Amino acid sequence: MPTCWLLSDAGLHQPIHLPHSHPVILGRGPETTIKDKKCSRQQVELKADCNKGYVKVKQLGTNPTFIDSAVVGTGNEYKMKPGQQLYIVNRLYPYTIQFKYGSTGNHGVPKRPRDSTLEDRESQLEAPKTKASKQTEKVAVSGSHTEAKKTTESVGHWSQGLKVSMQDPKMQVYKDDKVVVIKDKYPKARYHWLVLPWQSIPSLKALGSEHNDLVKHMQKVADQMVRQCPDASSLGFRTGYHAIPSMSHVHLHVISQDFDSPCLKNKKHWNSFTTDYFINSQDVIQMLETNGRVAVKEGVTELLKLPLFCHKCHKELNTIPALKDHLKSHIPHR
DNA sequence: GTTCTAGAAC
DNA sequence: GTTCTAGAAC
């Protein structure tokens, strides 16, 4: 990972290190040598992302901080990339950022804490005990070292897990010539299935009007799963897609609305099923039919950070345990 | 996607 | 002190 440096273009001082993911607050003070009263002591917060190659610039002070000719604005945050110029306040005190890669000597470049062994990696596989995955593993190690790593990472990477699971007969609860249904490995409710097409479609973005019939069929199969569920009418169900799923391969969630599951653990889990991050299957079908593509709104990722609201009564809960406790009150008991 | 854990929140 | 979250590592 490179290191990030903030350079004073006016040569006021030596470069300031911006450690990855650690906010650095700058303003009037000895560090910048800025004495201008218009500049707050805490004028800007800078947070470098050395992997993605940008710095998040947040204006904390009242007077305007600029990135190139644009005002950031108090409380606002913008991504600044190399080549852009930051003016700490009032188009004064120009700065640029630079990402530096370690020298070939690799001095001070942090190493991974431990090497992941084959056993480690195998235990992360979706279905470690299937013949298929064992075999890929064996093929992989028989190659050269680097080749082996490449192979195992592409097929064994967690984001590819659904491709493995859907092929495993033990996981399949339904299949036909177009789709397969599996139980979600980490169900977020009492009933949680995934409908996957056999055809390899990485994500919603890859869907076009040629997939109209396929997504309709996926919905039909989803409805069929709901119908055969004995608790469908009491719990309620939703069928839909995550706007930006973590797992590759298009998958339709069929999930009961109790959200009673030990696998539901954090805000992202909750908001991904209870905000507009969850796109109803019907909406996907309609978008595809009318526009020939699925529109994913910009900034949906922000929805995952929203406070926790009950999906039934919209009460706000402060913590996940409090939410889970509250959810119990909505579960019908016989 | 999950797990792990540092440190924030209580 | 414990609980809980959020970010990094996997």
Side-chain angles (χ1 to χ4, degrees), chain A residues 1-4 18-25 45 47-56 58 77 109-128 133 137 140 148-168 171 182-189 192-196 202-204 240-255 259 261-273 277-278 300-309 316-327:
Chain A
M1 189 167 70
T3 53
C4 183
L18 302 177
H20 175 64
S21 190
H22 282 271
V24 171
I25 293 171
E45 181 189 283
K47 197 161 94 177
D49 189 319
C50 295
N51 293 321
K52 292 175 181 163
Y54 59 69
V55 172
K56 279 187 180 169
K58 190 173 181 180
E77 194 174 67
V109 174
K111 273 280 165 202
R112 299 202 317 168
R114 67 190 173 96
D115 254 328
S116 57
T117 61
L118 186 62
E119 287 71 28
D120 277 344
R121 221 176 287 125
E122 189 168 48
S123 68
Q124 288 153 16
L125 283 172
E126 191 81 12
S133 59
E137 205 73 43
K149 208 166 180 187
K150 241 185 186 173
T151 316
T152 43
E153 270 173 19
S154 54
V155 58
H157 189 265
W158 57 261
S159 65
Q160 306 302 311
L162 290 178
K163 298 186 204 299
V164 181
S165 292
M166 64 185 275
Q167 299 294 338
D168 182 356
M171 309 284 272
I182 59 173
K183 277 187 175 181
D184 193 293
K185 199 184 177 194
Y186 298 92
K188 303 301 184 289
H192 188 181
W193 296 286
L194 304 176
V195 184
L196 305 112
S203 72
L204 290 181
Y241 301 81
H242 279 154
I244 304 169
S246 303
M247 306 295 280
S248 188
H249 203 109
V250 160
H251 52 284
L252 172 59
H253 291 272
V254 183
I255 185 165
F259 294 108
S261 164
C263 299
L264 182 79
K265 292 179 174 175
N266 59 48
K267 185 175 265 191
K268 182 176 175 176
H269 291 156
W270 180 251
N271 284 332
S272 73
F273 286 102
Y277 194 87
F278 191 83
V300 274
T301 316
E302 297 307 304
L303 298 173
L304 298 175
K305 297 171 190 163
L306 286 173
L308 303 167
F309 292 104
E316 181 176 346
L317 286 308
N318 288 325
T319 64
I320 288 289
L323 170 69
K324 297 189 74 151
D325 202 53
H326 171 83
L327 289 176

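Throughout, a chain's letter reflects where its sequence line sits, starting with A, and its residues are numbered from 1. Just so it is clear, the structure is predicted and the values come from calculations on it, not from any experiment.
In this structure A:Trp270 satisfies the side chain to side chain donor-acceptor pair (under 3.5 Å) test together with A:Thr274, sequence neighbours excluded. In this structure A:His269 satisfies the ring-ring contact (aromatic ring centres under 6.0 Å, His included) test with no other residue, sequence neighbours excluded. Annotation: side chain to side chain contact (heavy atoms under 4.5 Å, CB included) contacts of A:Ser21 (sequence neighbours excluded): none. For A:His251, the ring-ring contact (aromatic ring centres under 6.0 Å, His included) partners are A:His253, not counting sequence neighbours. A:Asp325 is linked by a salt bridge (Lys or Arg N to Asp or Glu O under 4.0 Å) to A:Lys328, counting only residues two or more places apart in sequence or in another chain.
Between A:Phe278 and A:Phe273, the two ring planes are tilted [angle within 30° to 60°].
Nucleic acid contact for A:Lys47: none, since no nucleic acid atom lies under 4.0 Å from a heavy atom of the residue. Residue contacts for A:Lys268: at a heavy-atom cut-off of 4.0 Å it reaches no nucleic acid atom on any strand shown. Here A:His269 lies in heavy-atom contact (under 4.0 Å) with sugar-phosphate atoms only. A:His242 comes within 4.0 angstrom of sugar-phosphate atoms only, judged by non-hydrogen atoms across all strands, and of no base. Nucleic acid contact for A:Thr319: sugar-phosphate only, since backbone atoms but no base atoms lie under 4.0 Å from a heavy atom of the residue.
A nucleotide of DNA chain B counts as in contact with chain A when one of its atoms lies under 4.0 Å from a heavy atom; the first and last such, 5' to 3', are B:dG1 to B:dT3.
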